[in-house]
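These numbers were taken from a predicted model, which means no experiment stands behind them.
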Amino acid sequence: MPEQNEILNEKQKVVLCAIYPQGGENEENISLGELEKLAETADCDCVGIVTQCKDKPDAATVLGSGKVAELSELCKNTGTELVVFDGELSPSQIKAIEDAIETDVSVIDRSMLILDIFADHARTSEGRLQVELAQLRYTSPRLVGRGRELSRQGGTASSGSVGARGPGETKLEIDRRRVKEKIAALEEELAKVEQNRLTMRKQRDKSGITKCGIVGYTNAGKSTLLNYLTGAGILAENKLFATLDPTTRQFTTPSGTKLLLTDTVGFIRNLPHHLIKAFRSTLDEAVYSDILLIVIDSSDEEFISQSNVTTELLEELGCAGKPMIYVFNKCDACTDRDALIHMKSLASQSNTEVVFISAKTGAGCDTLIEKIEALAHSGKHKIAVMIPPEDGAVTGMIYREADDVEMDYREDGIFCRCVVDEKLYARLKKYIVEEN
């Protein structure tokens, strides 16, 4: 049987499966809709969906025996080779479902599917390391369930069979040992990469430039917004997780304010915790931002629940209390104006800035820039300083860390007007001759 990555690199026929509790059909339909989009992103063709109203999953096969028989027949009739469950499966469940389906299929869960998409979309060395580590951590305890060729073969020690511990079991032991060694090596390598990222963050902090994290649900238009503002030229497609690696670009507003904009990995409901752990250093780009731009796809019917998922994940990451701007994107394609008005009302009650834009056309982006500037300048000081000739080196620090710098070289020293943050204000305090 081919490996999981090989399965997902071809146009495969896939059947989606899920169970839902009494009254939870609507929520599950939304989740299955996202699962179908994930399958499309992985270049799969969804040929059927099998669901069951069931409060508790079957211990062995998740679905009941009747639904498993229905799934088996569907796979047989459609030539399906891949079955994806909307939820996490245990190693024994994967194997039991594969054994119960009469045709040769591979069974994976939502997390495995997301991991394969991440593996395909990671471009930087850090991204590839994070994905590989997450894959190994997630799949290592599931080796026994990943296909029939890895299942136990031969008899038991008490059966009297020659080679009682069959070749399948020996292969599992070898695979598990290699996986454990590989995980340790990846963790060591990733620690070095994360240290480099930390060094870069410290350099950004020293620059004094306001850092803006562009966050939000996957496919909300974050990369398109960064491209429009900075001309970054990064990939922006109508797919889930089209871009995975964070990208930072400097942007100077028309009035001269310097900003660092960082596009981050998109969020999704039921984002596996092991993915959050593996991508912690990447997601921390939001934690270390001074301002968060929460991009929301207002053309999606579920944009309210998606924005709630984003808010919950940001709180989990420790971003609560940061200055935020809710950026309702794709407003030119929005059909539910009442929902937009409702969201704007909720945001205004929490004293959160709201702006409506189309990152594709640029409509509303001027207003967004104005709001970012206003937040960037809050807590800043507009000052004039007189620097004596013997302290001329201070001007280099001002050029690097201040905004709206105007220098005037005079006989008695250097006169400068600029906008500074609290840290630079304290360092220049003895030179200040005027303050607004």
State plainly whether the residues Glu81 and Lys13 are in salt-bridge range, i.e. N to O under 4.0 Å. no
For Cys17, is there any backbone N or O sitting under 3.5 Å from a side-chain donor or acceptor partner on Asp86? no
Shortest non-hydrogen pair, Ser358 vs Cys365, comes out as O-SG, 4.4 Å
Could you tell me whether a side-chain N or O of Asn329 sits under 3.5 Å from a main-chain N or O of Ala359, the two making a donor and an acceptor? yes
Does this structure show an ion pair linking Glu70 with Lys67, if we count only N-O contacts that are shorter than 4.0 Å? yes
Is any side-chain heavy atom of Lys211 less than 4.5 Å from a side-chain heavy atom of Ile291? no
Enumerate the side-chain hydrogen bond (donor to acceptor under 3.5 Å, both in side chains) contacts for residues 309-325, please, sequence neighbours excluded, ordered by first and then second residue. His273-Glu316, Thr311-Tyr326
Between Asp109 and Ser111: side-chain donor-acceptor atoms closer than 3.5 Å: no
Please assess Leu424 against Asp421 for the test side chain to side chain contact (heavy atoms under 4.5 Å, CB included), listing each intermediate value before the final yes or no. CA-CA 6 Å; Leu424 187 55; Asp421 59 15; 3.4 Å; yes
Quick one: do Asn26 and Tyr20 satisfy side-chain hydrogen bond (donor to acceptor under 3.5 Å, both in side chains)? Show the steps, please. CA-CA 9 Å; Asn26 183 57; Tyr20 58 90; over 6 Å; no
So CD1 of Ile94 and CG of Asp99: to nearest 0.5 Å the spacing works out to 12.0 Å
Looking only at atom types and distance, does a side-chain atom of Thr252 sit under 3.5 Å from a main-chain N or O of Gly256, one as donor and one as acceptor? no
Is the count of non-hydrogen atoms from other residues, nucleotides or ligands lying under 6.0 Å from Lys37 atom NZ greater than 12? no
Answer yes or no: does atom CD of Gln22 have more than 12 heavy-atom neighbours from other residues, nucleotides or ligands under 6.0 Å? no
Decide yes or no for Phe251 and Ile369: does some side-chain heavy atom of the first lie under 4.5 Å from some side-chain heavy atom of the second? yes
Checking side chain to side chain contact (heavy atoms under 4.5 Å, CB included) for the pair Leu293/Val215: CA distance, chi angles, key distance, verdict? CA-CA 6 Å; Leu293 308 181; Val215 301; over 6 Å; no
side-chain contact (heavy atoms from CB on, under 4.5 Å) against Lys182, all qualifying residues, sequence neighbours excluded: Glu132, Leu136, Leu186
Specify whether His381 and Tyr425 have parallel, tilted or perpendicular ring planes, treating 30° as the upper limit for parallel and 60° as the lower limit for perpendicular. parallel
Count the heavy atoms belonging to other residues, nucleotides or ligands that lie under 6.0 Å from NZ of Lys371, then report whether that count exceeds 12. yes
Verdict with supporting geometry, Glu88 and Arg110, side chain to side chain contact (heavy atoms under 4.5 Å, CB included): CA-CA 6 Å; Glu88 293 197 2; Arg110 182 186 181 96; over 6 Å; no
Is the shortest side-chain heavy-atom distance between Leu71 and Val83 below 4.5 Å? yes
Work out which heavy atom in Glu98 is nearest to a heavy atom in Ser106; give both atom names and the distance. OE2-CA, 3.6 Å
Once rounded to the nearest 0.5 Å, what's the spacing between atom CD1 of Ile117 and atom OG1 of Thr41? 5.0 Å
To the closest 0.5 Å, what do you measure between OG (Ser31) and CD (Glu302)? 11.0 Å
Strictly below 4.0 Å, N to O, side chains only: are Glu187 and Lys192 in salt-bridge contact? no
Salt bridge or not between Arg128 and Glu189? Use side-chain N to carboxylate O under 4.0 Å. no
Closest approach of Val15 and Cys75, non-hydrogen atoms and distance? CG2-SG, 4.4 Å
Rounded to the nearest 0.5 Å, what's the gap from CD1 on Ile97 to NZ on Lys95? Could you check? 12.0 Å
Between Glu34 and Tyr217, is there a side-chain donor-acceptor contact under 3.5 Å, judged purely by atom types and distance? yes
Using modelled atom types only, decide if a donor and an acceptor are shared between the side chain of Ser289 and the backbone of Gly213 within a distance under 3.5 Å. yes
What I'd like to find out is whether the side chain of Phe328 reaches to under 4.5 Å of the side chain of Val355, using heavy atoms alone. no
Go through Phe85 and Leu63 one step at a time and tell me if the side chain to side chain contact (heavy atoms under 4.5 Å, CB included) criterion holds. CA-CA 10 Å; Phe85 274 74; Leu63 298 169; 4.0 Å; yes
How far apart are the closest heavy atoms of Val14 and Cys44, and which atoms are they? CG1-CB, 3.8 Å
Is the backbone of Ile214 close enough, under 3.5 Å, to the side chain of Thr264 for a donor and an acceptor to pair up by distance? yes
Could you check whether any side-chain heavy atom of Glu73 comes within less than 4.5 Å of a side-chain heavy atom of Asn77, counting everything from C-beta outward? yes
Pair Arg249, Thr262: side-chain N/O donor-acceptor within cut-off below 3.5 Å: no
Going from CG on Leu292 to SG on Cys212, what distance comes out if it is rounded to the nearest 0.5 angstrom? 9.0 Å
Using side-chain heavy atoms (C-beta onward) and a distance below 4.5 Å, is Phe267 in contact with Leu314? yes
Just wondering, do Leu261 and Leu229 contact through their side chains at under 4.5 Å, heavy atoms? yes
Note: Leu74 and Thr80 closest approach over all heavy atoms is O-OG1, 4.5 Å
Is it true that Glu401 and Arg427 make a salt bridge, defined as a side-chain N closer than 4.0 Å to a carboxylate O? yes
At what distance, to the nearest 0.5 angstrom, does NZ of Lys330 lie from CG of Asp300? 8.0 Å
Below 4.5 Å, heavy atoms only, C-beta onward: do Leu225 and Ile357 meet side chain to side chain? yes
Do we see a donor-acceptor contact under 3.5 Å between the side chains of Ser223 and Asp263? yes
Would you name the heavy atoms of Tyr138 and Leu115 that are closest together and state the gap between them? CB-CD1, 3.9 Å
